[in-house]
Amino acid sequence: MGKGGGCVPSKKKPPPVADDAPTEPAGASRAASISAPEDSHAPAQGATTSSSALSRGAKLKIFIVFYSMYGHVEGLAKRLKRGVDGVEGVEGVLYRVPETLPIEVLNQMRAPPKDETIPEITAAELAAADGVLFGFPTRYGSMAAQMKAFFDSTGHLWKEQKLAGKPAGFFVSTGTQGGGQETTAWTAITQLAHHGMLFVPVGYTFGPGMFKMDSIRGGSPYGAGVFAGDGTREPSETELALAEHQGKYMAIVVKRLAQS
């Protein structure tokens with residue numbers, strides 16, 4: 001620890017040095033070598049569920065829980081699922097959170113109908129997940145009210161810390177380049193902290209795709225993202241590829257934690 005830290009490490013045992021974040025496209029495979037943190041005080045519900053799933057030969061489940069008004073976040077969610085499903089022994093499950101706006105308002109906003117093949121999730125169902133990826137559009141740099149309402153309904157899970165120790169990540173949609181690709185995700189981390197969940201950012205594991213400047217691209221080290229513009233812009237292939245990579249990366253992390 002530096003000056004003023006108050007605690008000086010022993011000369012016989014140097015302090016551990018954290019590895020730098022991977023910068024190659026194959027960074028997701030590197031995540032498989034990450035050891036799970038040990039915490040004797042953390043509730044064991046999540047770990048027990050994952051371990052029992054592996055012992056039964058059942059697939060680990062990553063819930064991809066999202067709110068999408070115009071379909072941009074939903075498009076990312078579906079590519080995230082493809083990435084998750086590409087990892088052996090792990091399955092992505094799509095869920096949407098309940099809508100809070102009346103149909104009359106949605107019609108005035110010209111929001112398309114919801115995909116009825118994707119079920120709505122209840123807060124209690126979250127406890128069955130081995131990991132969760134939450135997706136939502138921005139509202140002034142933070143999550144949309146529909147997703148916040150869903151988090152607000154998880155009080156009983158928080159009280160019993162049912163989600164403690166479960167890995168979680170974010171993916172977002174914003175209207176402009178300065179509209180919150182990073183802030184929308186990092187302001188949501190407070191929700192995970194109170195539940196004791198483990199935030200898993202994608203970092204720069206996407207490799208060269210994170211550094212390209214030749215086209216407009218959503219996404220950040222916090223997670224995949226898309227620029228929606230006025231609602232008519234569709235996600236680019238690079239944005240979708242980052243989402244698929246995040247799904248794969250998350251699946252490998254969840255699988256590694258379950259095996260530890």
Side-chain angles (χ1 to χ4, degrees), residues 42-46 49 61-77 80-81 92-109 111-116 118-175 179-201 220 222-226 228 246 250 254:
Q45 291 97 334
T49 302
K61 294 189 182 298
I62 294 179
F63 288 5
I64 303 170
V65 182
F66 67 92
Y67 174 74
S68 186
M69 178 172 284
Y70 295 107
H72 297 83
V73 175
E74 183 174 322
L76 294 181
L80 279 156
K81 175 174 167 55
V93 184
L94 293 173
Y95 287 106
R96 66 173 70 253
V97 301
E99 179 61 78
T100 59
L101 293 175
I103 188 64
E104 294 80 11
V105 174
L106 292 173
N107 289 338
Q108 291 178 3
M109 298 178 73
K114 309 294 186 192
D115 183 349
E116 295 183 359
I118 301 176
E120 284 190 357
I121 190 171
T122 63
E125 290 176 293
L126 275 182
D130 298 297
V132 189
L133 288 163
F134 296 102
F136 36 82
T138 189
R139 297 293 184 265
Y140 303 111
S142 59
M143 69 176 66
Q146 290 84 347
M147 181 60 73
K148 185 59 169 63
F150 176 74
F151 273 111
D152 288 348
S153 72
T154 61
H156 60 291
L157 298 176
W158 162 79
K159 184 177 181 180
E160 299 181 14
Q161 286 293 281
K162 291 282 190 179
L163 305 181
K166 292 183 185 291
F170 301 121
F171 55 104
V172 304
S173 170
T174 68
Q181 286 285 315
E182 291 189 339
T183 60
T184 305
W186 66 253
T187 53
I189 293 175
T190 57
Q191 312 298 312
L192 306 187
H194 284 263
H195 278 288
M197 303 181 82
L198 309 177
F199 177 47
V200 181
S220 73
Y222 293 91
V226 59
Q246 183 180 7
M250 184 68 164
V254 168

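Since this is a predicted model, take the numbers as computed values, not measurements. This chain uses plain numbering: 1 for the first residue, then up along the sequence.
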Just so I know, are the side chains of Lys148 and Gln191 near enough to count as touching, which here means a heavy-atom distance under 4.5 Å? yes

Between Ala127 and Leu157, what is the shortest heavy-atom contact and its length? CB-CD2, 4.3 Å

Of all heavy-atom pairs between Thr183 and Thr187, which one has the smallest distance, and what is that distance? O-OG1, 2.7 Å

Closest heavy-atom pair and its distance - Ala144, Tyr67: CB-CD2, 4.3 Å

Could you go step by step and tell me if Arg96 and Val65 meet the side chain to side chain contact (heavy atoms under 4.5 Å, CB included) rule? CA-CA 5 Å; Arg96 66 173 70 253; Val65 182; over 6 Å; no

Separation between CD (Gln161) and NE2 (His195), nearest 0.5 Å, reads 8.0 Å

Expected list for residues 132-143: side-chain donor-acceptor pairs under 3.5 angstrom, two or more places apart:
from: Thr138; atom 1: OG1; to: Gly141; atom 2: N; distance (Å): 3.0
from: Thr138; atom 1: OG1; to: Thr184; atom 2: OG1; distance (Å): 2.8
from: Ser142; atom 1: OG; to: Arg139; atom 2: O; distance (Å): 3.4

For Thr174, what residues pass the side-chain hydrogen bond (donor to acceptor under 3.5 Å, both in side chains) criterion, not counting sequence neighbours? Gln181

For a quick test of reading the model, state the closest non-hydrogen atom pair linking His72 to Ser173 and the distance between them. CB-OG, 3.9 Å

Taking the side chain as every heavy atom from C-beta outward, state whether Val254 and Lys166 have any pair of such atoms under 4.5 Å apart. no

Step-by-step side chain to side chain contact (heavy atoms under 4.5 Å, CB included) determination, Lys162 to Leu126: CA-CA 9 Å; Lys162 291 282 190 179; Leu126 275 182; over 6 Å; no

Just verifying a value: how many Å separate Leu163 CG and Leu198 CG, rounded to the nearest 0.5 Å? 11.0 Å

Could you walk me through whether Val93 and Ile64 pass side chain to side chain contact (heavy atoms under 4.5 Å, CB included), step by step? CA-CA 6 Å; Val93 184; Ile64 303 170; over 6 Å; no

Geometric class of the Tyr222/Phe199 ring pair [parallel <30°, tilted 30-60°, perpendicular >60°]: parallel

May I have the step-by-step check of side chain to side chain contact (heavy atoms under 4.5 Å, CB included) for Val172 and Val73, ending in yes or no? CA-CA 7 Å; Val172 304; Val73 175; over 6 Å; no

Nearest-0.5 Å distance, CG of residue Leu94 to CD1 of residue Ile121: 11.0 Å

Just wondering, do Asp130 and Phe63 contact through their side chains at under 4.5 Å, heavy atoms? no

Looking at Thr154 and Phe150, what are the two nearest heavy atoms and their distance? CG2-O, 3.5 Å

Enclosure of His194 NE2 (heavy-atom neighbours >12, cutoff 6.0 Å): no

For Ala168 and Met197, work out which heavy atoms get closest and say how close. CB-CE, 3.8 Å

Are Phe66 and Glu74 packed together at the side-chain level, in the sense that at least one heavy-atom pair is separated by less than 4.5 angstrom? yes

So, using salt bridge (Lys or Arg N to Asp or Glu O under 4.0 Å) as the criterion, who are the partners of Glu99 when residues are at least two apart? Lys114

Could you check whether any side-chain heavy atom of Phe151 comes within less than 4.5 Å of a side-chain heavy atom of Val97, counting everything from C-beta outward? no

